[in-house]
Amino acid sequence: QASAAERDTQRSASMSARHLFAPVVRRGAAAVRTASATRRFASNVSASADIEHLYAGGLLTGFRKAYCGPLPPSYTVDEALTKLPPTKVTSLSNGMRVATEKTPGESVCVGVFIKSGSRYETAESNGSAHFLEHMFFKGSKNKSQGQLELEIENMGCRLNAYTSREQTVYYANVLKEDTNKAVDVLAEMLLNSTFDPAAIEREKNTILQEMEVVERVEEEVVFDNLHYTAYQTSPLGRTILGPEENIKNMTRDHIVNYIQANYVAPRMVVVAAGNVDHDAFTAQVAKAFAATPEQPSGPSVIDEQAPAWFTGSDIRVRDDDMGLAHVATAFEALEYDHPDSFATMVMQAMLGSFDASMPSAIHSSSQMTSVLAGYNSREYPLVQSAMAFNTQYSDTGLLGVYYVTETDKVMEAQWAVMKEFQNLCHNADDHLVEIAKTQLKATMVNQLDSGLSQVCEDIGRQMLNYGRRMSLAETFARIDAVDAPTIRRVAMELCNDKCIAVSAKGGLSSLPDYNWLRRHTWSLRY
């Protein structure tokens with residue numbers, strides 16, 4: 001607990017204020033971080049002596065009192081939250097971290113979380129991280145592909161993996177008695193894969209087919225384009241799959257170079273959730289992953305992470321034959337360890353979501369959702385579906401709304417979206433904020449209750465992002481510290497008269513031009 005608090009205190013100095021210059025903003029680089037963070041985010045409200053025991057007791061470790069909203073003196077932590085199983089963490093001598101959460105049951109989810117993804121690639125190697133994910137299942141020095149598949153099948157193991165822009169994850173769900181075997185299989189794949197050139201050539205066709213499938217999913221295309229236009233000069237704007245040319249030209253050297261640069265012990269966290277003993281699991285991980293290199297090497301090493309440059313812009317793929325328009329509008333938001341990151345989570349909940357199968361959405365507390373659902377002059381839904389998103393990265397983020405609608409309703413739908421961001425800036429009140437906070441808590445708890453894979457995912461993600469796993473008590477306290485003035489302040493800083501990124505595809509004849517969209521990021525108030 002003490003070490004986590006110390007790390008949190010040390011990190012607070014680097015969490016500087018966001019200077020949202022338009023139209024191009026560089027965010028996240030240490031060179032532009034200043035001491036103004038203290039002035040901007042510190043409040044005059046100090047922690048009451050009546051709630052000091054919450055911090056002293058370790059429940060709210062790392063909860064920066066200077067940055068939080070006014071927790072009332074009567075604030076108490078739900079006793080049930082204090083009885084949840086703790087997350088135990090051990091750092092191995094090579095820098096790898098091991099985290100476990102023990103819960104009763106007969107199964108365990110084991111995951112390896114790596115700080116690697118498309119952001120850590122060069123333009124020439126873009127696609128390597130995802131390609132590598134496929135190749136780990138193709139055989140190792142000690143076991144052929146068939147032997148690995150048979151061993152996995154005999155355990156009844158559900159083995160899967162995914163690659164994102166900043167993380168790569170491999171996980172396995174097994175019976176508790178097969179936990180050590182699962183660790184050995186994951187270690188064998190990650191440390192001893194052979195990457196046979198013939199297998200690489202075969203896998204190219206598989207990935208190209210996967211690319212064709214992804215390109216037919218309009219939501220995937222819109223969000224890839226959104227990143228492309230928002231981060232035009234940053235690796236964050238590249239796709240995870242990579243361009244077709246890179247896939248066709250992928251070689252064993254590209255893959256090995258990427259592993260040497262990114263698959264090192266200090267960037268890896270091994271997690272287990274379920275009926276598992278922490279000490280025994282740690283010993284098994286230390287043995288199985290003993291050969292993991294501690295330092296990056298090879299020509300693909302990136303000495304310094306390229307900063308994220310946000311560019312206000314739009315990208316439109318017009319196809320009137322589609323009949324529908326898919327539109328995403330986003331402001332640059334905050335990184336995941338920013339003091340106000342929980343405020344943006346509450347803002348996402350306030351924006352809401354809607355689907356045609358949810359007729360009750362017309363009574364939503366979100367004005368945008370109710371208007372889009374049918375509470376408008378047409379008395380008819382303006383969209384088929386809509387969802388708010390809050391995508392957070394290590395030094396930036398995207399907060400916005402994505403919707404699907406008919407061509408002739410785009411203008412009205414877009415007006416409702418832009419107006420709701422202004423409502424966050426000027427009209428957010430305590431009643432709406434409390435509703436959103438409750439919805440956010442319910443979403444978090446429901447996800448964690450849905451299975452061990454979600455618990456494992458939550459532990460691994462937080463270990464990579466924060467360097468520790470927040471307790472649910474602390475998470476709820478951070479949410480409770482967000483109030484209406486905080487929402488209005490953060491919304492004003494992020495959304496009021498700020499440049500936006502827009503990605504759209506389909507029938508876009510009635511989508512307003514960028515100047516119209518930009519003008520609707522502010523309003524005259526007398």
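As the structure is a prediction and not an experimental result, all values here were calculated from the model.
Taken to the nearest 0.5 Å, the CE atom of Met470 stands 14.0 Å off from the CD1 atom of Ile459. The structure places OH of Tyr171 at 12.5 Å from CG of Leu452, a figure rounded to the nearest 0.5 Å. Rounding to the nearest 0.5 angstrom, the gap separating the CG atom in Leu399 from the CG atom in Leu351 is 6.0 Å. Interatomic distance, CG of Leu464 versus CD of Gln462, reported as 10.5 Å (0.5 Å rounding). Once rounded to the nearest 0.5 Å, the distance linking CG of Leu236 with CZ of Phe310 reads 11.5 Å. Here the CE atom belonging to Met268 is positioned 5.5 Å from the CZ atom belonging to Phe289, to the nearest 0.5 angstrom.
Annotation: side chain of Thr100 is not in contact with side chain of Val271 (no heavy-atom distance under 4.5 Å). Side chains of Tyr403 and Phe354 form no contact here, defined as non-hydrogen atoms less than 4.5 Å apart. In this structure the side chain of Met444 reaches within 4.5 angstrom of the side chain of Ile479, judged on heavy atoms. Using a 4.5 Å heavy-atom cutoff, the side chains of Met211 and Val214 are not in contact. Asn126 places a side-chain heavy atom less than 4.5 Å from the side chain of Pro243. Put simply, the side chain of Asn262 reaches to within 4.5 Å of the side chain of Arg267, judged on heavy atoms. For the pair Phe281 and Val98, the minimum side-chain heavy-atom distance is below 4.5 Å. Contact check for Arg252 versus Ile200: side-chain heavy atoms found under the 4.5 Å cut-off.
By the salt bridge (charged side-chain N to carboxylate O under 4.0 Å, His left out) test, Lys88 is found to be paired with no residue, residues two or more places apart in sequence or in another chain being considered. The side-chain contact (heavy atoms from CB on, under 4.5 Å) test applied to Ala123 returns Arg238, not counting sequence neighbours. For the ring-ring contact (aromatic ring centres under 6.0 Å, His included) test, no residue two or more places apart in sequence or in another chain qualifies with Phe342. Under the rule for a ring-ring contact (aromatic ring centres under 6.0 Å, His included), Tyr120 has no partner lying at least two apart in sequence or in another chain. Among residues two or more places apart in sequence or in another chain, the salt bridge (charged side-chain N to carboxylate O under 4.0 Å, His left out) test is passed with Lys102 by none. Under the ring-ring contact (aromatic ring centres under 6.0 Å, His included) criterion, His326 pairs with no residue, sequence neighbours left out. Asp458 pairs by the salt bridge (charged side-chain N to carboxylate O under 4.0 Å, His left out) definition with Arg461, Arg469, not counting sequence neighbours. Checked against salt bridge (charged side-chain N to carboxylate O under 4.0 Å, His left out), Glu153 has no partners two or more places apart in sequence or in another chain. Remark: Phe223 pairs with Phe389, Tyr402 by the ring-ring contact (aromatic ring centres under 6.0 Å, His included) rule, at least two apart or across chains.
Nearest heavy atom pair, residue Ala481 against residue Thr486, reads O-OG1, 4.5 Å. Pairing each heavy atom of Leu334 with each of Ser341, the nearest pair is CD1-N, 4.2 Å. Here the closest non-hydrogen pair linking Ser453 and Cys109 is CA-SG, 3.8 Å. The shortest non-hydrogen separation linking Leu92 to Ala286 is CD1-CA, 3.9 Å. Residues Gly111 and Cys456 share a closest heavy-atom pair of N-SG, 3.7 Å. For the residue pair Leu226 and Ala501, the shortest heavy atom distance occurs at CD1-O, 3.6 Å.
Residues Asn257 and Ser125 bring no donor and acceptor atom of their side chains to less than 3.5 Å of each other. No side-chain N or O of Glu294 forms a donor-acceptor pair with one of Asn94 less than 3.5 Å apart. His278 and Thr90 share a donor-acceptor pair across their side chains, judged by distance under 3.5 Å alone. Side-chain polar atoms of His130 and Glu210 form a donor-acceptor pair below 3.5 angstrom. A donor-acceptor pair shorter than 3.5 Å cannot be found between the side chains of Thr239 and Tyr228. Remark: the Thr251 side chain and the Asp253 side chain contain no N/O donor-acceptor pair separated by less than 3.5 Å. Between the side chains of Asn465 and Gln167, at least one donor N or O lies within less than 3.5 Å of an accepting N or O.
The environment of Gln295 atom CD is sparse: at most 12 non-hydrogen atoms of other residues, nucleotides or ligands sit within 6.0 angstrom. No more than 12 heavy-atom neighbours from other residues, nucleotides or ligands sit within 6.0 angstrom of CD on Glu245. Heavy-atom neighbours of Lys437 NZ from other residues, nucleotides or ligands within 6.0 Å: above the threshold of 12.
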Please walk me through it: do Asp224 and Arg165 pass salt bridge (Lys or Arg N to Asp or Glu O under 4.0 Å)?
CA-CA 11 Å; Asp224 276 345; Arg165 284 177 167 81; 3.2 Å; yes

Evaluate the criterion side chain to side chain contact (heavy atoms under 4.5 Å, CB included) for residue pair Met350 and Leu432; output intermediate values, then yes/no.
CA-CA 7 Å; Met350 293 179 70; Leu432 297 177; 4.1 Å; yes

Report the C-alpha distance between Met347 and Ile487 in whole Å, list the side-chain angles of each, state the deciding distance to 0.1 Å, and finish with yes or no for side chain to side chain contact (heavy atoms under 4.5 Å, CB included).
CA-CA 7 Å; Met347 289 166 63; Ile487 292 296; 3.7 Å; yes

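Note: Tyr466 and Tyr336 have perpendicular aromatic rings, judged against thresholds of 30 and 60 degrees for the angle between ring planes. The aromatic rings of Tyr170 and Phe137 lie tilted to each other, with the angle between the two planes from 30° to 60°.
Applying the salt bridge (Lys or Arg N to Asp or Glu O under 4.0 Å) test to residues at least two apart or on different chains, the pairs with a partner in residues 103-115 are Glu106-Lys176. Sorted by first and then second residue, the salt bridge (Lys or Arg N to Asp or Glu O under 4.0 Å) pairs with a member in residues 132-146 read Lys138-Glu203, Lys143-Glu151; sequence neighbours excluded.
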N/O donor-acceptor pairs under 3.5 Å from side chains in residues 186-198, not counting sequence neighbours:
{"residue": "Glu188", "atom": "OE1", "partner": "Asn142", "partner atom": "ND2", "Å": "3.3"}
{"residue": "Glu188", "atom": "OE1", "partner": "Asn192", "partner atom": "ND2", "Å": "3.1"}
{"residue": "Glu188", "atom": "OE2", "partner": "Ser140", "partner atom": "OG", "Å": "2.6"}
{"residue": "Glu188", "atom": "OE2", "partner": "Asn142", "partner atom": "N", "Å": "3.4"}
{"residue": "Glu188", "atom": "OE2", "partner": "Asn142", "partner atom": "ND2", "Å": "3.1"}
{"residue": "Ser193", "atom": "OG", "partner": "Met189", "partner atom": "O", "Å": "2.5"}
{"residue": "Asp196", "atom": "OD2", "partner": "Ala198", "partner atom": "N", "Å": "3.3"}
{"residue": "Asp196", "atom": "OD2", "partner": "Ala199", "partner atom": "N", "Å": "3.3"}

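The pair Lys287-Asp184 fails the salt-bridge criterion, with no side-chain N (NZ, NE, NH1 or NH2) lying under 4.0 Å from an Asp/Glu carboxylate O. Salt bridge present: Arg468 and Glu474 bring a charged side-chain N and a carboxylate O closer than 4.0 Å.
Although no hydrogens or angles enter the test, the distance criterion places a donor-acceptor pair under 3.5 Å between the side chain of Glu121 and the main chain of Ser128.
Residues His227 and Tyr393 bring their aromatic ring centres within 6.0 Å.
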